[in-house]
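Taking it in order: structure first as structure tokens, then the write-up.
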Amino acid sequence: MVQQYAFYFDSSACSGCKACQVACKDKHGLEVGRLWRRVYEVSGGGWQPAGPAWVTSAFAYNLSLACNHCERPICREVCPVGAISKRRDGIVLIDGQRCLGCGYCAWACPYGAPQYDEQHGRMTKCTFCVDEIDQGRSPACVAACPLRVLDFGERAELEARYGRVSSVFPLPPAADTRPALVITPHRDAERAAGGETPGGSAPLTGLPPGSYPPGISNREEV
Amino acid sequence: MKPQAKKDAPLVLFTLLAQNAVGLFVTAGLLQVLASRLVSPQAAAWLAGGVQDQVRLVSLVLAGASMLASLFHLGSPYNAYRALANLRTSWLSREILCMLGFFAALGVAHVSYRKGLGPAALRSALDWAAGLWGLALVYSMARVYRLHTVPGWNRSTTPGQFFASTFLLGGLLAGGLLVAGLGQGQDWGPGLVRALLAAILVFLAVSLGLAWVSFPFRPAAVYGVRSPVAARDLAGVRLGLALWGWLLLAGLLLDAAGLAGRELIPLLLAGFGGGLVLAAEVVGRFLFYAARGEG
């Protein structure tokens with residue numbers, strides 16, 4: 001029996017193609033503006049003079065984020081109607097019939113997971129494709145990834161295989177909500193976290209909603 | 001109005017109307033206590049007569065309007081009856097409980113006083129209960145926004161702002177009802193009324209000071225205002241409006257208290273001053289919601 005389902009994401013190899021994002025939208029029939037999986041590009045750096053030459057410190061990498069089905073889901077804590085529950089296998093789900101559509105969970109979630117369904121007036125989010133999981137299949141995003149940078153499984157097994165990193169810049173600290181997420185960081189993630197933007201470079205762009213420092217909203221219209 | 005501002009508008013109305021209701025009731029209650037302890041029993045009795053009846057009624061109307069406004073924020077308002085389901089961990093559930101407690105206690109108190117139901121001690125206890133529920137409401141409203149995952153709101157200035165708005169708006173409205181009540185019942189003399197209004201103004205001065213220190217002057221991408229300088233100017237405009245309105249209203253309230261009966265022009269100008277403070281509070285509340293994206 002799985003104790004805590006988790007996603008694995010290899011940021012070092014993600015091309016940012018958004019196949020995972022599109023596969024999720026396709027499976028769940030999500031309209032424009034509602035993204036249960038969101039792909040962000042984190043970029044920055046610039047050019048520095050080095051004598052007569054210029055050297056670049058530019059960097060760019062991608063983050064593919066869905067709901068992290070946190071071990072301490074703040075969305076469940078704040079929901080006034082108790083519409084959010086956590087299964088025994090760790091998957092966090094929203095009961096649409098109970099949901100008030102107040103959006104408090106969206107405010108609270110540092111990963112931008114809850115998304116408002118305008119048509120039905122309620123909050124929705126990644127369900128870990130429970131219908132697929134319960135049939136022994138993979139979530140749509142994992143199955144769709146052409147570079148195989150997404151994986152899923154028991155959290156402890158993923159950590160044993162890939163390490164215990166569950167937060168990279170600019171994601172919030174993992175201690176906040178203890179996300180069920182394992183990440184292989186991109187080689188530039190540490191440099192990005194150091195805020196290395198020498199010589200009048202462009203500011204960091206494309207950050208997830210709860211990220212520190214304050215990010216720019218990346219509402220991708222697909 | 002920009003799309004995000006439209007989404008925030010019901011919450012701006014909900015929070016300001018509720019805080020106004022609580023501030024009005026608690027300020028009037030404090031004046032009642034001050035009048036009976038520091039002035040005279042007759043002054044307290046005068047306040048307890050027509051003015052407090054009006055205070056309860058206006059507070060009820062404001063609280064009711066606040067609850068109605070909050071429904072427009074919900075995607076599925078028909079599920080609102082479930083909103084007390086997570087009192088264990090959700091400050092939003094607790095906020096709704098406090099709102100219902102305030103409204104119910106105030107409603108029962110109002111009916112009891114109007115119809116002379118029950119002993120005086122019980123009616124007084126209902127007033128105290130309503131006041132405590134009201135203060136708990138403002139506190140729980142502030143706690144709703146103290147999310148550790150939202151640094152822009154998770155500051156000690158958040159409850160400061162909410163309580164400042166409560167007593168700034170409520171104090172001004174209490175002063176207005178007090179002046180309006182002067183034309184009714186007995187005339188206790190301009191000296192007494194000036195003393196009571198001075199108490200309100202001291203209260204307001206403290207509230208404005210609290211608003212000043214608790215309002216964060218951070219650069220903010222406020223509904224398209226991306227320049228830090230412009231955002232600071234906007235915050236400055238908000239406080240300037242509040243100060244100007246407060247000074248205008250303060251002077252006119254004191255002046256009106258010295259006149260026999262009502263005079264139209266000071267009352268109109270007092271209303272204008274109050275309107276400026278209200279405008280400042282509305283701007284400030286929109287700025288607060290815009291701060292969600294800040295670190």
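Side-chain atoms are counted along with the backbone in the values below, which use heavy atoms only and exclude waters and symmetry mates. Lettering follows sequence order; numbering is per chain, from 1. No experiment lies behind these values; they were computed from the predicted model shown.
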Check: B:Ser76 side chain, A:Gly101 main-chain N or O, donor-acceptor pair, under 3.5 Å: no
Can you measure from CG (B:Asn79) to SG (A:Cys102) and round to the nearest 0.5 angstrom? 10.5 Å
Honestly, the part of B:Leu92 sitting under 4.5 Å from a heavy atom of chain A is both
Which bit of B:Leu87 is near chain A, if near means a heavy-atom gap under 4.5 Å: side chain, backbone, both or neither? neither
Flag yes if more than 12 heavy atoms outside A:Arg72 fall under 6.0 Å of its CZ atom; otherwise flag no. yes
Heavy-atom cut-off 4.5 Å, strictly under: side chain, backbone, both or neither for A:Leu100 against chain B? both
Fit a plane to each ring of A:Trp107 and B:Trp153, take the angle between them on a 0 to 90° scale, and name the class: parallel (under 30°), tilted (30 to 60°) or perpendicular (over 60°). perpendicular
Determine, step by step, whether B:Thr89 and A:Val78 satisfy the side-chain contact (heavy atoms from CB on, under 4.5 Å) criterion, reporting the C-alpha distance in whole Å, the side-chain angles of both residues, the deciding distance to 0.1 Å, and the verdict. CA-CA 6 Å; B:Thr89 58; A:Val78 303; over 6 Å; no
Say you draw a straight line from OG1 of B:Thr149 to CD of A:Glu77; how long is it, rounded to the nearest 0.5 Å? 9.0 Å
Which portion of A:Arg98 sits near chain B, non-hydrogen atoms under 4.5 angstrom: both
Separation between CZ of A:Arg76 and OG of B:Ser90, rounded to the nearest 0.5 Å: 13.0 Å
Work out which heavy atom in A:Gly82 is nearest to a heavy atom in B:Ala85; give both atom names and the distance. N-CB, 4.5 Å
Could you pull out the closest heavy-atom pair between A:Pro80 and B:Ser93, with the gap in Å? O-OG, 2.9 Å
Interatomic distance, B:Leu74 atom CG to A:Cys99 atom SG [nearest 0.5 angstrom]: 9.5 Å
